[in-house]
Every structure is written in C-alpha cells, then in structure tokens.
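What you see is a predicted model, and the numbers here were worked out from it, not measured in a lab. Any value given below was found using the heavy atoms of this structure, including those in side chains, with hydrogens, waters and symmetry copies removed.
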Amino acid sequence: MTETSPPAAAAEAQTLSSQYAPTEVEAKLYERWVAAGYFEADAKSEKPAYTIVIPPPNVTGSLHLGHAFEHTLIDSLTRRKRMQGYETLWQPGMDHAGIATQNVVERELAKEGLSRHDLGREAFIERVWQWKAESGGKILGQMRRLGDGVDWRRERFTMDEGLSRAVQTIFKNLFDDGLIYRAERIINWCPRCLTAISDIEVEYQDDDGELVSIRYGEGDASIVVATTRAETMLGDTAVAVHPDDERYRHLVGTEIELPLTGRRIPVVADAHVDPEFGTGAVKVTPAHDPNDFEIGQRHALPSITVLDERAIITAHGPFQGLDRFEARSAIVAALRADGRIVAEKRPYTHSVGHCSRCKTTIEPRQSMQWWVKVGPLAQAAGDAVRDGRVAIHPKEMESRYFGWVDNLHDWCISRQLWWGHRIPVWYGPEGEIVCVGPDDQPPAGEGWRQDNDVLDTWFSSGLWPFSTLGWPEQTADLQKFFPTSVLVTGYDILFFWVARMMMFGLYAMDGTPPFHTIALHGMVRDQFGKKMSKSFGNAVDPLDWMDAYGTDALRFTLARGANPGTDVPIGEEWVQGSRNFCNKIWNATRFALMNGATVEGPLPPAEELSTVDRWILSRLDATVAEVDALYEDYQFAKLSDALFHFAWDEVFDWYVELSKITLQAGGAEAAATRRVLGHVLDVTLRLLHPIVPFVTEELWTTLTGGESLVVAAWPQPEGRRDAAAEAEIATLQQVVTEVRRFRGEQGLKPGQKVPARLTLAGTALAAHEAPIRTLARLEPDAEGFAAATSFPIAGALVELDLSGAIDVPAERRRLEKDRAAAEKVKEQCTKKLANEGFLSKASAEVVAKVRGQLEAAEADIERIGGQLDRLPQG
RNA sequence: GGGCGCGUAGCUCAGUUGGUUAGAGCACUGCUCUUACAAAGCAGGGGUCAUCGGUUCGAGUCCGAUCGUGCCCA
C-alpha cells in the first residue's frame with residue numbers, strides 16, 4: 001500500500017458516502033487481514049506471547065448471541081495485545097459434542113429408516129465424519145463475519161488425531177496413577193440418549209408428580225412408606241427406619257411382605273433415615289436410587305433391576321413392557337385395588353432431574369462405569385486459585401468455584417455412545433484389564449475386546465489449552481504459547497469446563513495452571529433481562545443484526561453491556577444506537593478528511609498550540625490512560641462507555657465544532673489544528689479498533705495511509721495533560737451552554753442570531769470570543785444595544801439584546817429554578833457547618849469543600865438575584 | 001431445604017474506601033434539514049435509590065429484619 005498524502009486523502013473523502021455502509025467493507029477487510037497473515041502466531045517470534053484459546057463451540061452449533069458476545073471480548077483483548085506488540089495467538093477450533101452430534105446423525109439415519117445399529121459402529125462413525133465434512137462447523141464461517149482474529153491455520157477439533165492422542169495419553173497416565181477406576185454405582189441415566197451423564201449434566205426442576213403412601217406388610221407388622229416413583233417398588237429389597245425410632249423398633253430385623261410381588265423384605269435400621277419426614281420409614285430400591293444404593297451397601301442388601309435402559313419394566317408379570325410412567329399408574333391402581341394405598345397427594349410438586357441435552361427425566365440406574373477420582377485433582381485446582389497463581393474475574397465468583405471444587409464427587413466419564421474417544425481399555429479372557437497408551441499395541445488374541453464406551457466430551461475439552469498446542473509432544477508451540485494468558489468464558493461453564501481444564505492442566509503440565517486469569521462473563525439476555533430461548537420466542541440471530549446494522553454495531557453493543565460477570569441485556573434499539581455511533585465516527589472522520597486533517601510530520605509542541613488544541617490533546621491523553629487501565633481489569637462496559645463519551649461528547653460535539661472556526665480562519669493555527677485533528681482521530685480510531693475493527697480500519701487507512709490498524713501500535717499517554725487548558729475550555733463550554741439554554745427557554749430558533757456584548761478582557765475567556773459567538777450564535781452589538789439579560793461567568797460577562805422581545809416569564813422561571821437549586825445547596829451546607837459533630841469529626845478536606853460549596857452557592861444566589869432585579873416588569 | 005446475588009429514571013444498567021444538586025444509553029418533550037452526520041444538532045422533563053429499623057456528624061453506599069426477584073447446589 002502506498003503512502004497517501006493529505007490532499008489525496010481529502011479527495012478520497014469526497015468519495016466517502018455520507019452514511020457508513022458496513023456490508024460494503026466488512027468482508028473485504030476481513031479477507032485482507034487473513035491474507036496478510038496478521039492473525040498468524042509464530043512460535044519462533046522473539047515477542048512475548050499472548051494466548052487465548054477459544055472456548056470450543058460445538059460442531060453441531062451455529063452462531064448465537066452468546067458466541068458473538070464472548071468472541072467480541074476475546075477478539076478485543078487479542079487485538080489490543082497484538083497492537084501492543086505481543087505475539088498473539090487466538091486459537092480456534094471446535095469440540096465433537098458426543099451426545100449432540102450422535103443425536104443429529106441418528107436423526108438423519110432415522111429419516112432413512114435406519115438406526116446406528118443397522119450400520120454398525122465403524123460405518124456409523126464414518127457417517128458422522130461425513131456429516132461433519134458436509135454440514136458441521138457452520139459456526140466457523142460465521143466467526144469470519146464477526147471479525148474474529150483467529151489463526152485459521154491452527155484450527156483444531158477434539159477428535160483430530162493429535163488431540164485424540166492427548167486424550168489417550170492422559171487417560172493412561174491417570175489410570176496408572178490410580179486416578180481413573182471402574183466401579184458399579186448409581187449413575188444418572190438418560191433413557192432417551194441411552195447413556196450415563198455426569199452429575200452436572202443433570203438439571204433439576206420442580207415438576208408436578210404424585211406422592212403415594214403404601215402400606216407394606218400386614219397388621220401389627222405393617223409399615224407405611226411414601227414414594228413419588230411407585231413403579232420402583234417392584235425392585236425394593238428392604239424398608240429402612242431410623243435406629244432410634246420407637247415406632248418401628250419392634251420390626252427392625254423382621255421381614256414384611258412386599259405387595260404385588262409376594263417377596264419378603266427385611267426392615268433395617270439406618271441412621272440416614274429422617275424420622276421426621278413422612279412416616280419415618282422409607283422403601284429401599286438399591287438399583288434405582290442413589291441414597292437407597294448406599295443403604296443397600298451398608299446392609300448388604302441385594303439389588304434388583306426392574307427397568308431396562310429405556311426405562312421399561314423388565315419383568316413382574318402384568319407390568320412387563322410398560323414404560324416407567326405407565327407402570328407408575330398401573331402399579332398404583334393395582335395397589336389401590338389391593339387396599340394398599342393409605343394416602344395419595346396429587347399434584348405433588350417436587351424436584352426432578354432432567355437430561356441437560358434432551359430434558360428427558362433422568363432415571364437413576366445402577367451400572368458399571370469409569371470414574372475419575374477427583375479428590376487430589378480438585379484439591380490442586382482449588383489451591384491454584386487460593387494461592388493466587390490463577391485469578392478469577394470478577395473475584396466474587398471465586399466462592400462459587402471453591403464451593404464446587406471443594407465438594408466434588410467423583411466424575412463419571414464413560415458414555416454409552418459411539419461418537420467420541422473410545423475408552424482405551426481392553427478386557428482379556430481371564431478377566432484381565434489393560435489400559436493402552438497411544439504408543440502401545442492393544443493386546444491381541446482370542447477373547448480380548450476393547451471397552452465399548454467413549455469418554456465424556458468434557459474429558460477431551462479439558463485438555464484444550466495444551467492439546468491444541470501439540471501436547472503430549474513437546475512442541476515449539478507449547479513452549480511458546482503455554483500457559484495461555486486468559487480464559488474468557490461464561491460463568492455457566494465454570495464447573496463444566498473451567499474446573500476440568502484446571503484439574504487436567506495442573507496434572508498434565510506438572511503443576512502449571514493452563515491460564516493465569518479466568519475472566520468470566522454472563523449470559524446474553526433480551527432487552528427486558530429475560531433469558532433468550534427459542535420456545536419463548538425472544539431468541540435473536542446475530543447474523544440478522546449484523547446484516548441490518550453492521551458487525552461493529554453488534555460488537556459495540558455487546559462490549560458496552562459487558563459488566564464483569566453479569567448478564568448482558570441486548571435489544572435491537574441498542575444495536576441501532578451503536579450503528580449510529582459508528583456512523584458518527586464515519587462522518588466526523590469524513591469531515592476531518594475534507595478539511596485536510598493530517599498525520600504528517602511531528603505534532604507541534606504545546607507552546608505553538610491553541611488552548612483548544614491543548615485541551616483535546618489533554619483529554620485524549622486522559623482517555624488513553626483510562627481505557628488502558630480498564631482493559632487490564634476486563635471492564636469492557638466501562639471502557640466502551642469511556643470511548644463513546646470521549647469520541648462523541650468531546651471530540652465530535654466540541655472539538656470538531658471548535659476546529660471549524662480555526663480551520664476557516666486559515667493560517668498557521670489552522671495548519672496546527674489540521675495536524676492535531678488528524679492526530680486525535682488517529683489515536684481515537686486506534687483505541688476503538690479492538691471493539692469496532694471494521695469501521696475504524698476503513699477510516700484509519702484512509703486518514704493515515706497506513707497499512708492496517710490490526711498491526712498499528714496501541715496508543716500510550718504522551719504527557720500532554722494540561723489542567724489549565726481543561727479548566728479554560730470547561731468555562732467556555734459553560735458559557736456556551738448557558739446561552740444555549742437561555743435561547744431554548746426563550747423559544748429562539750436555532751439559526752437565529754442574537755446581538756450580544758461580550759466583556760471578556762482579563763478573564764479565562766479572553767481568547768475565546770470568536771468560538772463563543774459562533775457556538776452560541778451571537779452577533780456583534782450594534783448601536784442602541786440594550787441588554788435584556790446577562791451571564792456573568794468566571795469574571796466574564798455576556799449580555800444579550802432581544803430587542804425587547806424577551807419572554808420575561810420564561811426567563812424568570814429559568815433564573816428562579818437556578819436560584820432554588822443554589823438555595824438548596826446553601827441550606828444543606830449551612831446545616832452541615834452549623835453541626836458541631838460535622839466540624840469536629842469530618843476530615844478538614846471535606847469541611848473545606850463544603851465551605852467552598854457554600855460560598856459558590858451564595859455567590860450564585862447573589863448573581864441570580866441581580867439578574868432577576870434587572871428583568872423588565874411583567 | 002442449603003448457598004449466593006440483586007431490587008437506583010418508563011426500559012436496561014453504572015454508582016470506587018460512606019462526604020457537591022445520584023449518572024449513562026435507549027425511550028420521552030420542544031425547536032431545527034446550521035454547508036461531516038436527521039442514523040443528526042441544540043435544549044428540556046423524569047428518581048422519597050424496594051420497605052422498616054439501626055450504626056454514624058453524615059447512608060444509594062455499612063448492619064439487621066421484611067417483602068419481591070434471579071441464579072447455583074441438593
């Protein structure tokens with residue numbers, strides 16, 4: 001790209017349309033960035049590394065606002081670091097989403113009248129890969145629309161060979177260390193997905209069910225138990241009571257008859273039974289309830305499984321073949337007919353677990369599964385945060401993290417699926433169990449077979465921060481980019497994913513945490529703070545908004561709503577507002593270009609600059625420092641707001657307007673202002689770029705002739721703070737605003753000029769007569785000037801002549817309102833200063849402040865009184 | 001049932017360690033097509049900071065209770 005000189009830029013500005021058209025520039029710019037290799041991270045670089053791994057989206061997923069939000073945050077962090085000179089890696093990729101993906105492909109097969117069993121395991125997996133190639137990973141293309149600065153050469157997938165090798169390696173290591181084991185327990189079984197799921201994949205919700213009280217046994221030897229799952233009574237193997245419960249003491253150790261089955265079951269005493277709840281007696285179904293399973297273990301009770309994998313009754317005569325809900329009614333009916341029902345409560349609202357994937361009611365099921373012994377891993381994961389090696393933002397989220405890692409149950413990692421990493425364990429004919437590492441040969445020969453199950457998807461995504469970099473090989477990438485810098489993700493997967501990465505990362509990488517900071521964000525909600533959901537009808541496709549308002553508008557809206565750890569409401573009107581902001585930036589820069597703003601040559605020294613120029617450079621410096629500090633603290637909402645107000649309120653509304661006066665006058669001052677205007681926009685565009693990359697890139701390359709903002713330097717404060725200039729311009733703004741307010745109250749048309757006499761000599765405003773006249777639309781005082789009102793500010797005096805046409809009541813209202821406000825301040829200050837307690841206990845600083853306020857208020861009252869006195873009668 | 005958070009303008013939210021007349025965006029009202037921008041400009045209206053009590057010279061901010069609401073865990 002060639003250098004663009006200012007005149008050429010001005011010419012180019014003429015060709016810029018008066019409205020920013022995002023769709024015309026976005027795709028073009030993105031492809032240019034990728035082609036230029038800006039997003040590629042080089043392990044051989046001398047620069048310090050900055051790494052963020054993408055929270056891997058699901059291969060079946062498509063872009064939703066949650067992604068757009070998270071990616072906006074990550075993209076802005078990495079873009080800023082890249083500008084700061086870091087070797088920046090934003091690692092892209094996806095996870096294989098075992099259950100979700102298998103479901104998608106099974107549904108496709110079902111349309112052809114096939115099941116996965118018809119195809120067989122190998123052919124089915126082949127089919128999944130085929131599906132992935134054709135329609136998986138839609139989201140990756142959508143990420144380009146968002147402007148994500150990821151290194152596409154490094155795209156990874158959890159089922160890739162290298163990542164699979166990582167999974168097998170860590171499985172083997174954990175197995176050898178005794179941290180993975182196989183055991184028969186009660187697990188959460190989804191009768192629709194036909195697999196076990198982990199505790200945290202169960203969602204509890206209050207459902208309407210029934211509570212049925214059933215009498216077991218006969219006469220004196222009878223006990224009433226209550227249940228919400230009557231069908232499980234077929235598998236009861238005991239009734240349990242509390243050991244101290246007098247009511248049942250005589251029955252402990254005896255057997256009573258289980259209705260409908262004729263089986264006799266023991267009455268056992270177990271301290272975990274709550275004698276206060278219900279009748280104080282509980283039925284015990286070890287094969288179908290986690291608590292009962294434990295009671296069964298303690299009392300060596302048999303387990304009787306009565307439901308199959310689809311939750312259909314497996315035996316027991318008339319009930320065989322009924323599903324669990326049909327069986328429930330049928331069994332209650334049968335018990336009722338038998339006179340066994342003592343009480344029925346319906347509806348009975350109670351908490352019921354559902355599969356987080358498909359919402360089917362979970363059926364606790366006793367089965368043999370693989371487990372991770374999380375104790376030592378979770379301890380290390382907790383300690384890393386406790387001792388400060390890993391920081392959680394916002395800090396309040398730490399307690400949730402600790403509460404979880406410190407009370408963790410072992411993690412069930414086997415899934416009865418075909419799509420996923422198959423458990424690398426082989427069973428021999430003599431009952432041998434062999435765990436096979438990635439470089440081992442599986443045992444061959446008659447009778448050996450591999451475990452049928454695959455691993456939980458979180459098992460592989462827990463390795464993501466280092467498996468994507470080549471682990472277990474000691475690659476240059478791993479050397480350079482691990483540990484990663486920051487993990488940006490939603491608080492909702494703190495347990496699902498973050499904790500897994502912490503546990504595996506610390507274990508696999510010899511105690512090095514996978515990231516030093518965890519920056520948690522909230523969920524995107526609608527403009528009324530409601531959760532977005534398809535069924536509620538308030539879900540929004542971010543692509544629609546990007547089409548309508550531009551990617552930058554969406555990104556800015558999301559960033560501006562991102563208060564740490566809190567949910568982000570977003571509405572279309574707000575995206576429109578951001579679009580307006582982008583358009584404002586566009587037009588302000590267009591104005592600058594048309595007026596010869598330049599970045600050529602050094603910025604003139606302060607002595608050669610006007611107060612206005614020194615003021616905006618001072619404000620710019622302050623903004624650079626503020627935005628920079630907020631970035632370090634992940635305060636996206638605040639930094640976006642700071643940029644919004646600086647750009648719009650200070651640069652566009654005041655500096656650009658003030659610069660017009662200087663530019664029109666011409667001469668050396670105009671030349672200096674062109675340079676300052678160019679500089680201010682240059683720096684402002686750099687500051688905005690990480691959040692709104694497209695519009696800033698388009699404008700900045702035109703303004704500066706530079707190659708690209710993506711690789712431009714991030715601004716730093718330049719030591720141009722100037723308190724005197726800031727105070728002087730603040731006074732100027734005050735005068736102009738006061739006059740405008742007067743004009744508004746008087747009902748004057750915006751364009752109407754008003755004769756005015758300005759007495760500014762010797763005051764802060766001495767040099768600003770021209771801007772005051774221009775901005776407040778005041779014309780010179782002519783012969784016969786008669787002041788209708790006056791504005792004494794900072795020693796200066798502005799008098800206006802309305803040719804007798806003044807609306808006296810309106811002016812009186814305005815002045816009286818001001819006086820009332822000042823009176824209120826005076827009263828409050830007087831009260832404080834008359835208070836002994838205040839004078840003796842408040843700090844001298846505060847007391848002095850209040851004294852100053854009182855004086856100012858009294859001066860105002862005096863001044864306004866005078867103005868009121870001078871108003872004509874009427 | 002246990003734990004955590006929240007309740008500030010019509011809506012969505014800021015509000016550092018207590019200390020000017022409590023702020024922003026959007027929405028609303030009035031006047032303007034002023035030659036960068038009507039997707040704009042200028043000005044304006046709008047809040048007894050959920051309620052009650054307490055601590056303090058002073059409370060939106062700290063403490064307690066109540067009501068409402070959301071989330072996590074069981």
Is there, by distance only and without an angle test, a donor paired with an acceptor across the side chain of A/Lys749 and the base of B/C31 below 3.5 Å? no
Nearest heavy-atom pair of A/Gly865 and A/Arg819: which atoms, and what distance? CA-NH1, 4.1 Å
Between A/Phe742 and A/Phe791, what is the ring plane arrangement, given parallel below 30°, perpendicular above 60°, and tilted in between? perpendicular
By side chain to side chain contact (heavy atoms under 4.5 Å, CB included) - contacts of A/Phe293 (at least two apart): A/Ile186, A/Gln297, A/Gln366
According to side chain to side chain contact (heavy atoms under 4.5 Å, CB included), who are the partners of A/Ser356, at least two apart in sequence or on a separate chain? A/Glu201, A/Glu203
Looking at B/A36, does its base get a donor-acceptor pair with the side chain of A/Glu657 below 3.5 Å? yes
Look at the side chain of A/Arg741 and the base of B/A43, then say whether one donor and one acceptor between them are separated by less than 3.5 Å. no
Quiz item: A/Gln19 side-chain donor-acceptor pair to B/A39 base, under 3.5 Å: yes
As its Watson-Crick or G-U partner within any shown strand, both distances under 3.5 Å, B/C28 has B/G44
With sequence neighbours left out, the residues meeting side chain to side chain donor-acceptor pair (under 3.5 Å) with A/Glu650 are A/Arg619
Which residues satisfy the side chain to side chain donor-acceptor pair (under 3.5 Å) test with A/Asp492, sequence neighbours excluded? none
Work out how far the P atom of B/C73 is from that of B/G41, and round it to whole angstrom. 46 Å
Checking B/A36, B/U34, B/G25 against the side chain of A/Val656 (C-beta onward), the nearest is B/A36
Where does the angle between the aromatic ring planes of A/Trp586 and A/Tyr20 fall among parallel (under 30°), tilted (30 to 60°) and perpendicular (over 60°)? tilted
Under a 4.0 Å heavy-atom cut-off, which of residues 825-835 of chain A touch RNA chain B? A/Val825, A/Gln828, A/Asn835
How does protein reach along nucleotides 3-14 of chain B, written 5' to 3' as B (base within reach of a heavy atom under 4.0 Å), S (only sugar-phosphate), or - (no contact)? --------SSSS
